[in-house]
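Heads up: the structure comes next, in structure tokens.
Both backbone and side-chain heavy atoms feed into the values below; hydrogens, waters and symmetry mates do not.
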There are 2 protein chains.
Amino acid sequence: MTVTYQYPRPNLAVDCVVFGLDEADLKILLIQRGLPPFEGKWALPGGFVQMDETLEEAAKRELKEETGIQDLYLEQLYTFGAIGRDPRERVVSVAYYALVNLRDHKLMAATDARDAAWFSTDDLPPLAFDHSEIAGIALKRLKGKVVYEPIGFELLPMKFTLTQLQQMYEKILDRPIDKRNFRKKILGMDLLQELDEVQVDVSHRAARLYKFDEKKYRKLRQRGFVFEI
Amino acid sequence: MTVTYQYPRPNLAVDCVVFGLDEADLKILLIQRGLPPFEGKWALPGGFVQMDETLEEAAKRELKEETGIQDLYLEQLYTFGAIGRDPRERVVSVAYYALVNLRDHKLMAATDARDAAWFSTDDLPPLAFDHSEIAGIALKRLKGKVVYEPIGFELLPMKFTLTQLQQMYEKILDRPIDKRNFRKKILGMDLLQELDEVQVDVSHRAARLYKFDEKKYRKLRQRGFVFEI
DNA sequence: TGACAAAGTGTTCAAAATACACTAACATAG
DNA sequence: CTATGTTAGTGTATTTTGAACACTTTGTCA
């Protein structure tokens, strides 16, 4: 089963930068390559685009195949087309980034990945191809975007405390935020739904739980509201 | 001269949304297609990527071939990969957008374009492929970007008056701006170099000319300065 | 020289961002 | 049962920024 074209074509791939968050750090999901080139090296999950799927579908498929992760917020990042970026042949790769809740998504390495694991964004191993560059650009984009779009909620569990939310922003933006000002601002946006629940199993005063209110968000959006941290 | 691959591949193209500005309007550069599909229809300049050029090089080459325009600020916009976007076969297109000074760049339709012309952004004809969507996204991106990055200067002649600069922002953002506040802000940024020249051939008081000071801009950038209109 | 046309120029008010520290609630250990 | 430790939760004063607003100056041209 081969195909013939009149002119040569680059091969087209997708790569995914998946962000997760735990108590300690902002993390990126990497796979260990099971095949050449760069066999054994860590890389972003990704692979070639098939003819019957969109770019985003390809990204989701590869992610599921290689790491078991599905159901996530995906956004196109940038397309990388440098000529020598793949040593085998010309490959142009459309990169996506995604945010997931680390605890809800258990990893399962599969197919052509030997292993899959989370790495702290400020302690990434050397990556295959130009994936270090891609990861760096994704991180920059995330930092830029999180301040004016409420995307960070994807990183948290459904129910979270204001402190968790604040720490999420602190970890992504890599700067301290004043607790009172943060609460004033975030509650003032009317974007969160206050729940009748508090934390359990903590050895101190339990904090109130909140959840992101999608409906309120959509209403605000329509009115041209600008979310800003 | 044909090539054979083990698996089918999408064809890879680039498209360019080139913005220009005249006294009246913000404009986009279109070409009239000289070949099927959509022969005779207006479309964004663009074409297929060759194996020995990067994506950006391909965009610049096509732009030059089809419109004569060269030496411009180009930035990647988005990659379009919907399955039926080209009726012939699967084509994935990396879109770029560019800003040029309309008066310095004379158009010359060539190769597979029948004609090239500027169209006001709020009066575009129906376009071939999904190019209307691409143009819409580019315009949105330009509006979003121009307020926090000094890219709009590319649309003006090298030497310009503060009124021209203000009108540029008003046309892009599509809202009036207060003259005194605008001047205070833009001069306060220390981004412009005041020239010892004024307008000539105007039938009223001549305005002072300024130019964008690239050096000052780079210094401010390094210090993490955020330009904002 | 008078009328026209755009250039150029400050102040006031309102809103938003920032800096800042203590009390309340709950869990746990002694 | 009480003292200690840990995080939750809360308000005000100050500074900075954004927004509204109108008249005088300079030059051209009839």
Side-chain angles (χ1 to χ4, degrees), chain A residues 22-24 146-148 150 156-157 159-171 173-211 220 223-229, chain B residues 22-24 143-144 146-148 150 156-157 159-171 173-211 220 223-229:
Chain A
D22 67 9
E23 294 69 34
V146 85
V147 297
Y148 66 88
L156 294 176
K159 301 172 182 183
F160 50 83
T161 68
L162 293 182
T163 300
Q164 284 176 307
L165 186 62
Q166 178 178 341
Q167 285 170 350
M168 181 268 286
Y169 281 107
E170 289 178 328
K171 282 170 198 161
L173 299 174
D174 205 23
R175 62 174 163 90
I177 299 174
D178 179 86
K179 185 160 86 163
R180 280 172 293 189
N181 293 339
F182 177 76
R183 283 167 185 240
K184 226 184 304 171
K185 195 164 204 171
I186 203 86
L187 292 175
M189 285 179 195
D190 192 32
L191 211 57
L192 300 185
Q193 185 185 340
E194 181 175 337
L195 301 175
D196 281 331
E197 288 176 73
V198 294
Q199 278 180 313
V200 290
D201 291 333
V202 285
S203 67
H204 52 77
R205 175 175 176 182
R208 165 135 321 208
L209 292 171
Y210 291 82
K211 69 177 193 185
L220 290 171
R223 295 185 214 146
F225 178 78
V226 180
F227 175 92
E228 206 162 307
I229 291 297
Chain B
D22 67 8
E23 293 68 35
K143 282 186 185 181
V146 85
V147 296
Y148 66 89
L156 295 176
K159 300 172 182 183
F160 50 83
T161 69
L162 293 182
T163 300
Q164 284 176 307
L165 185 63
Q166 178 178 342
Q167 285 170 350
M168 181 269 285
Y169 281 107
E170 289 178 328
K171 283 170 198 159
L173 299 175
D174 205 23
R175 60 174 164 88
I177 299 175
D178 179 86
K179 185 159 85 161
R180 280 172 293 188
N181 293 339
F182 177 76
R183 285 168 184 238
K184 226 184 305 171
K185 197 163 202 172
I186 202 86
L187 292 175
M189 285 179 196
D190 192 32
L191 210 58
L192 300 185
Q193 185 184 342
E194 182 177 336
L195 301 175
D196 281 331
E197 288 177 75
V198 293
Q199 278 181 313
V200 289
D201 291 331
V202 284
S203 67
H204 51 78
R205 174 176 178 183
R208 170 146 315 243
L209 291 170
Y210 291 81
K211 68 177 193 184
L220 290 171
R223 296 186 213 144
F225 179 78
V226 180
F227 176 92
E228 204 162 310
I229 291 297

- Check: Lys179(B) side chain, Thr163(B) main-chain N or O, donor-acceptor pair, under 3.5 Å: no
- Query: Expressed in angstrom and rounded to an integer, what is the separation of Lys185(B) atom NZ from dT9(C) atom P?
  - Reply: 19 Å
- Nearest listed nucleotide, side chain of Arg180(B), among dA17(C), dG10(C), dT28(D): dG10(C)
- How would you label the contact of Arg183(A) with the nucleic acid (heavy atoms, under 4.0 Å): base, sugar-phosphate, or nothing? base
- Message: Between the base of dG9(D) and the side chain of Lys179(A), is there a donor and acceptor pair under 3.5 angstrom?
- Response: yes
- Side chain of Lys184(B), base of dT17(D): donor and acceptor closer than 3.5 Å? no
- Please report, rounded to the nearest Å, how far the P atom of dT18(C) is from the CD1 atom of Ile177(A). 10 Å
- Item | Most 5' of Asn181(A) and Val202(A) on DNA chain C, judged by nearest nucleotide | Asn181(A)
- State, yes or no, whether a side-chain contact exists between Leu192(A) and Phe160(A) at a heavy-atom distance under 4.5 Å. yes
- Item | Sugar-phosphate only, base, or nothing, as touched by Thr163(A) at under 4.0 Å among non-hydrogen atoms | sugar-phosphate
- Task: To the nearest Å, give me how far apart CG (Leu187(B)) and P (dG10(C)) are.
- Result: 12 Å
- Quick one: Gln199(B) CD to dA7(C) C1', roughly how many Å, whole number? 9 Å
- Message: So Ile186(A) and Ile229(A), do their side chains get closer than 4.5 Å, heavy atoms only?
- Response: yes
- Query: Could you state the CD1-P distance from Ile186(A) to dG9(D), rounded to the nearest angstrom?
  - Reply: 15 Å
- Message: Tell me the interatomic distance from Phe182(A), atom CZ, to dA8(D), atom P, rounded to whole angstroms.
- Response: 12 Å
- Kindly point out which of dC20(C), dA22(D), dT7(D) is positioned nearest to the side chain of Asp178(A)? dC20(C)
- Out of dG9(D), dA17(C), dA6(C), which has the shortest distance to the side chain of Arg205(B)? dA6(C)
- Message: How many whole angstroms separate atom CD of Glu228(A) from atom P of dA15(C)?
- Response: 18 Å
- How long is the gap from CZ on Phe182(B) to CG on Leu165(B), to the nearest 0.5 Å? 4.0 Å
- Would you find a donor on one side and an acceptor on the other, under 3.5 Å apart, between the side chain of Gln199(B) and the backbone of Ala207(B)? yes
- Query: Which nucleotide sits closest to the side chain of His204(B): dG18(D), dA5(C), dG11(D)?
  - Reply: dA5(C)
- Task: Rounded off to whole Å, could you give me the CD1-to-P distance for the Ile229(B) and dA19(D) pair?
- Result: 12 Å
- Comparing nearest nucleotides in DNA chain D, the 5'-proximal residue of the pair Val198(A), Ser203(A) is Ser203(A)
